[in-house]
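All chains are named by letter (A, B, ...) in the order of the sequence lines, taking the proteins before the strands, and each is independently numbered beginning at 1.
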There are 2 protein chains.
Amino acid sequence: MARTVEAVLDHAAAACARRGAQLTPLRREVLRLVLEAEGPVGAYALLDRLKETRAGAAPPTVYRALDFLLEQGLIHKVERLNAFVGCAEAPHGHAGAGDGHGHPHQFLICRRCGATTEISDAAVTQALAAAAGRAGFVLHGATVEAEGLCARCAQG
Amino acid sequence: MARTVEAVLDHAAAACARRGAQLTPLRREVLRLVLEAEGPVGAYALLDRLKETRAGAAPPTVYRALDFLLEQGLIHKVERLNAFVGCAEAPHGHAGAGDGHGHPHQFLICRRCGATTEISDAAVTQALAAAAGRAGFVLHGATVEAEGLCARCAQG
DNA sequence: CCTCGGACGATATAATGTATCTCTCTGCGG
DNA sequence: CCGCAGAGAGATACATTATATCGTCCGAGG
């Protein structure tokens, strides 16, 4: 897994460079922390972890890095949790499309175990686009976060 | 408009009573403030307004009332804005269904003027249910918030 | 060399949300 | 009438999330 994360980081750095942005050591470190987390992580949890290697880290340190990573489509914010997760599709490469910054995606959030799964369902995206269009609304992006029980928790 | 709000409040009180809950004067006052607001209102904006008539009001005062109103399906929370709006369908009467607490709904949020429109699109709801089912996910509710330009702002 | 802009450090503060404890009111059984 | 249980609400403190502001460093380009 550690190797995988490093590979994703390298890939992310290359993707940023292609767009004229820089995945600086700090930003890379924050991205690593997000990717290494088991699920969605809060900004202050990241800050605590970041402080282990960067004593001077403060809230803006983390938020600036997170903003950058969001813009680059490398992470997503889970609005219902005020937390962040790595983008499941970032390794496959894509840039600021569909969501203003990022690709169309949806989250399935388990209320029992907290597991958060990213999906990218075309039917949902299309249905929303159609509904918005019907209202004369020009769609730039959407937050779609489902709550319920994941397959594992639903069985138990 | 004032008459309309009062009518909605009376209707809401009746709906609560039917479910064995009470729309107390405090809760009614908070609901009134939400309904009178032009768009989504933050909890602390409500608190400030509430203090005009209830000097002792504190954060828990507002949050408890908001929690109650959410449970009763009389208001919704807009996660992207950390703000609250009256439920567009509450006047027509419905109770905690589809969303864990509330009916399935979606928001269209204008990034220019902040206008927030509630819609209830069956195709979106169904597409999301289908996608969740495919992942073995038991859906309880969903937050669907689109961002873009409302019809008015898109024209200008 | 200069200076300009982006990234980052550092401090402070704002905004949002909870925990907890107490008090009061109300209805109800003794 | 008394006292009790439970909901609603007051009050303080705290926790969490997010932003504002200012200063410094450093590399790119003139």
Whether [X] contacts [N] is assessed here as follows: a side-chain N or O lying under 4.0 Å from the phosphate OP1 or OP2. Is that the case?
{"X": "K77(B)", "N": "dT16(C)", "answer": "no"}
{"X": "R64(A)", "N": "dC8(C)", "answer": "no"}
{"X": "T61(B)", "N": "dA11(D)", "answer": "no"}
{"X": "T24(B)", "N": "dA7(D)", "answer": "no"}

**Request:** Please round to the nearest 0.5 Å and tell me the distance separating atom CG of L26(B) and atom CG of L50(B).
**Result:**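 Rounded to the nearest 0.5 Å, the CG-CG separation comes to 6.0 Å.
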
**Message:** Would you compute the distance between atom CG of L33(B) and atom OG1 of T53(B) and round it to the nearest 0.5 angstrom?
**Reply:** 7.0 Å

**Residues D67(B), R27(B); criterion salt bridge (Lys or Arg N to Asp or Glu O under 4.0 Å); working and verdict** = CA-CA 10 Å; D67(B) 285 347; R27(B) 291 164 175 172; over 6 Å; no

**Fill in**
Closest non-hydrogen contact found for A127(B) with A127(A) is CB-CB, 4.3 Å

**Complete:** Nearest heavy-atom approach of K51(B) to A57(B) is CE-O, 3.5 Å

**Separation of dA7(C) P from Q72(A) CD (nearest whole Å)** = 10 Å

**Message:** Rounded to whole Å, how long is the line connecting atom CD of E71(A) with atom C1' of dA7(C)?
**Reply:**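 After rounding, the gap between these two atoms is 13 Å.
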
**side chain to side chain contact (heavy atoms under 4.5 Å, CB included) against Y63(A), all qualifying residues, sequence neighbours excluded** =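 Side chain to side chain contact (heavy atoms under 4.5 Å, CB included) list for Y63(A), sorted by chain: A43(A), Y44(A), P59(A).
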
**Prompt:** Which parts of residues 47-56 of chain B get close to DNA chain D, meaning a heavy atom less than 4.0 angstrom away?
**Reply:** R54(B), G56(B)

**Out of dA18(D), dC8(C), dT19(D), whichever nucleotide has its closest atom nearest the side chain of L26(A)** =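 Comparing dA18(D), dC8(C), dT19(D) against the side chain of L26(A), the answer is dC8(C).
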
**Asked** Hey, which of these two, R27(B) or A43(A), hits DNA chain D nearer its 5' end, going by closest nucleotide?
**Response**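 Closest to the 5' end, via its nearest nucleotide, is R27(B).
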
**Position toward the 5' end of DNA chain D (nearest nucleotide), Q22(B) or N82(A)** = Q22(B)

**Request:** Would you please determine if the base of dT16(C) is stacked by Y44(B), with stacking meaning a centroid separation under 5.5 angstrom and planes under 30 degrees?
**Result:**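 Yes; by the centre-distance and plane-angle rule, Y44(B) counts as stacking on dT16(C).
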
**Prompt:** Taking for each residue the nucleotide of DNA chain C bearing the nearest heavy atom, is the 5' side occupied by A57(A) or by F68(A)?
**Reply:**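 Closer to the 5' end of DNA chain C: F68(A).
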
**Message:** Parallel, tilted or perpendicular, judged at 30° and 60°: which one describes the rings of H103(B) and H105(B)?
**Reply:** tilted

